[in-house]
Amino acid sequence: MLASNPIVAANPGDPYKATVAHSIREIGRDAWNACFPHEVETYDYLEAVENAGIEGFSWCYVVVYDGPDVMATMPAFLCNYGLETTLPVGVFHAAIERVRKVYPGFLKLRLACLGSPCTETGAIGFSPRVPTVGREELLQRLLKAFHDHAASQQCSLTALKDIPQPLDPVVDDVLKGHGYAMAGGMATAHLDIDFDSTDVYLARLSSGTRKDMRRKLRMREHVRIEYRSELDGVQERVATLYRQTRERSEWQFEELTPDYFRGVLTKMRGRSFCALYFVGDELLAANLLIHNGHALVDKFFCMDADRGRSFNLYYLSWFTNIEYCLRHGIRRYQSGQAYYANKVRLGSKLTSNVMLFRHRNRAVQSILQLVAPLLSPGEAGGGG
């Protein structure tokens, strides 16, 4: 494991010191979670990501200390970033790959990014001891340490990933002061569970959607659902379903590993599970979910495309997850990014997220700002 960067202080009398750790274990569970009291994707989730062996990414964590106490922190990652990543897979991707056979670095930049490719949104964590008026100072220190680390790793592009809108005015001012520009990100879909039964929920949908859902849910009698806290005996089948689903996806960034699924279920015992959908003895879909007792987050749904659709498993999983929330008093179902048409049709609201980016070369930054609208992912269609 790489050693942490030397701690950086503005002057000898400065109480705040900033550093970049290369494992979340260097920070500690209690200190980390105290900075993110409402997050579902806690220390244990990020440790599982760190240990998952996801190819092409290196992980780090930017921390600002006051003595031994963590005052502000945020996860980060480094990778070689293809500018076409946020565009739907198609002819443009194929053309770029042909060029890369000759020029491997074509349209690729070395990226250092605050956030995580495996979390729903990006959040800056502050200790509960930090008053609002003290956050600007800490954010400045955090960014200084992050930029120094990015430069030491030859990263020409720095970014913040999936920051929810509206930006805190303090955060907005600090990032603008450092030359960050904004680009559209992928929204997050969520459904408030402010009803006490699926009948009440269905009554809120349009008559056409309500009729369609009742028809689709008739296939439920043919499907067996199992909740698992481990995947022994089905790990290989889940991996196959994941690969098939990923290959159908319009966007491909990180590629999850079997160790990711296994690690999340192991590290987050009691706060994670996998819902498995069988027809007969055949596993046709798997749904990895995590929660904190207040919100249920759908991390990944993977399905046999042909047989899964014939049993309406996407829609069955939707209602299964709502029923789980109702049984356990969970008040929000967060179904993630992409496939917005179906989610809005089923009553979800969308929360906008943005990407912020800065290239150290001003000319390149100007070009990136011009093309950013073309590279923004927008809204994905499709569904189950």
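On a predicted model such as this, the values are computed, not experimentally measured, just so you know.
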Open item on the list: I want to check something: taking the side chain as every heavy atom from C-beta on, are Ile124 and Arg135 in contact at a cut-off of under 4.5 Å?
Closed with: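 Not touching, per the 4.5 Å side-chain cut-off.
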
Task: Heavy-atom neighbours of Glu282 CD exceed 12 at 6.0 Å - done: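 Yes, because the 6.0 Å sphere around CD of Glu282 holds more than 12 heavy atoms from other groups.
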
Open item on the list: Between Tyr324 and Leu289, is there a side-chain heavy-atom distance shorter than 4.5 Å?
Closed with: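 Heavy-atom side-chain distance check fails, nothing below 4.5 Å.
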
- [ ] Under the side chain to side chain contact (heavy atoms under 4.5 Å, CB included) rule, collect the residues that match up with Arg243, sequence neighbours excluded.
- [x]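 For Arg243 the side chain to side chain contact (heavy atoms under 4.5 Å, CB included) partners, ignoring immediate neighbours, are Ala239, Thr240.
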
Open item on the list: Tell me every residue that passes side chain to side chain contact (heavy atoms under 4.5 Å, CB included) with Ser366, counting only those two or more places apart in sequence or in another chain.
Closed with: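 By the side chain to side chain contact (heavy atoms under 4.5 Å, CB included) rule, Ser366 matches no residue at all.
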
Open item on the list: Count I, L, V, M, F, W, Y as connected when their side-chain heavy atoms are under 4.5 Å apart, and connections chain through other members. Are Val279 and Tyr227 then in the same cluster?
Closed with: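 In one cluster with Val279: Tyr227, yes.
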
TODO: Say whether Thr188 and Gln334, considering side chains only, have a donor N or O and an acceptor N or O under 3.5 Å apart.
DONE: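 No pair is found: no donor N or O on one side chain lies under 3.5 Å from an acceptor on the other.
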
- [ ] Might you confirm whether atom CG of Asp306 has over 12 heavy atoms from other residues, nucleotides or ligands at distances under 6.0 Å?
- [x]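 Not buried by this count: 12 neighbours or fewer within 6.0 Å.
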
- [ ] Grab the two heavy atoms, one from Arg141 and one from Tyr16, that are nearest each other, plus how far apart they are.
- [x]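 Taking every non-hydrogen atom into account, NH1-CB, 3.6 Å.
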
- [ ] Return the set of residues passing side-chain hydrogen bond (donor to acceptor under 3.5 Å, both in side chains) with Asp298 (not counting sequence neighbours), or none when no residue passes.
- [x]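 Asp298: side-chain hydrogen bond (donor to acceptor under 3.5 Å, both in side chains) contacts with Asn287, Tyr333.
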
- [ ] Return yes if some donor-acceptor pair links the side-chain N/O of Thr245 with the main-chain N/O of Met303 below 3.5 Å, else return no.
- [x]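 Judged by distance alone, yes, a pair lies under 3.5 Å.
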
Open item on the list: Looking at Arg25, is its backbone amide N or carbonyl O close enough to the side chain of Tyr61 to form a donor-acceptor pair, meaning the two atoms are under 3.5 Å apart?
Closed with: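 No.
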
- [ ] Give the minimum heavy-atom separation between Arg110 and Cys79, together with the two atoms involved.
- [x]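 Answer, listing the atom of Arg110 first, then Cys79: NH1-C, 3.4 Å.
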
Task: CA sep, side-chain torsions, deciding dist, call: Tyr242, Phe261, ring pair (Phe, Tyr, Trp, His ring centres under 6.0 Å) - done: CA-CA 10 Å; Tyr242 168 75; Phe261 290 88; 5.7 Å; yes

Open item on the list: Between Arg262 and Gln235, is there a side-chain donor-acceptor contact under 3.5 Å, judged purely by atom types and distance?
Closed with: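 Indeed, the side chains of Gln235 and Arg262 share at least one donor-acceptor pair under 3.5 Å.
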
Open item on the list: Between Glu120 and Arg332 (salt bridge meaning N to carboxylate O under 4.0 Å), is one present in this structure?
Closed with: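 Answer for the salt bridge query: no.
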
Task: Minimal non-hydrogen separation, Asp44 against Met268, with atom names - done: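 Heavy atoms only, the tightest pair is CB-CG, 4.1 Å.
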
Task: Partners passing side chain to side chain contact (heavy atoms under 4.5 Å, CB included) against Thr119 (at least two apart in sequence or in another chain) - done: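 Expected list: Glu41, Tyr45, Leu46, Ser116.
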
Task: Set of residues satisfying salt bridge (Lys or Arg N to Asp or Glu O under 4.0 Å) with respect to Asp173, sequence neighbours excluded - done: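 Asp173 satisfies salt bridge (Lys or Arg N to Asp or Glu O under 4.0 Å) with no other residue.
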
Open item on the list: What I'd like to find out is whether the side chain of His178 reaches to under 4.5 Å of the side chain of Thr158, using heavy atoms alone.
Closed with: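 Result no, sub-4.5 Å side-chain heavy-atom pair not found.
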
Open item on the list: Hydrophobic clusters here meaning ILVMFWY residues chained together by side-chain heavy-atom distances under 4.5 Å, can you tell me if Met355 and Leu78 are in one?
Closed with: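 Different hydrophobic clusters.
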
TODO: Check the side chains of Tyr340 and Ser348 for a donor-acceptor pair under 3.5 angstrom, ignoring hydrogens and angles.
DONE: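 Per modelled atom types, Ser348 and Tyr340 side chains form no pair under 3.5 Å.
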
TODO: Decide yes or no on side chain to side chain donor-acceptor pair (under 3.5 Å) for Thr198 and Glu323, but give the supporting numbers first.
DONE: CA-CA 7 Å; Thr198 54; Glu323 289 166 356; 4.6 Å; no

Task: Beyond-backbone contact of Met182 with Leu167, side-chain heavy atoms, under 4.5 angstrom - done: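 Of all side-chain heavy-atom pairs linking Leu167 with Met182, at least one is under 4.5 Å.
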
Task: Phe36: ring-ring contact (aromatic ring centres under 6.0 Å, His included) partners, not counting sequence neighbours - done: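 If we apply the ring-ring contact (aromatic ring centres under 6.0 Å, His included) test to Phe36, skipping adjacent residues, the hits are Trp32.
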
Task: Min side-chain heavy-atom separation Phe357-Gln369 under 4.5 Å - done: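 Phe357 reaches Gln369 side chain to side chain.
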
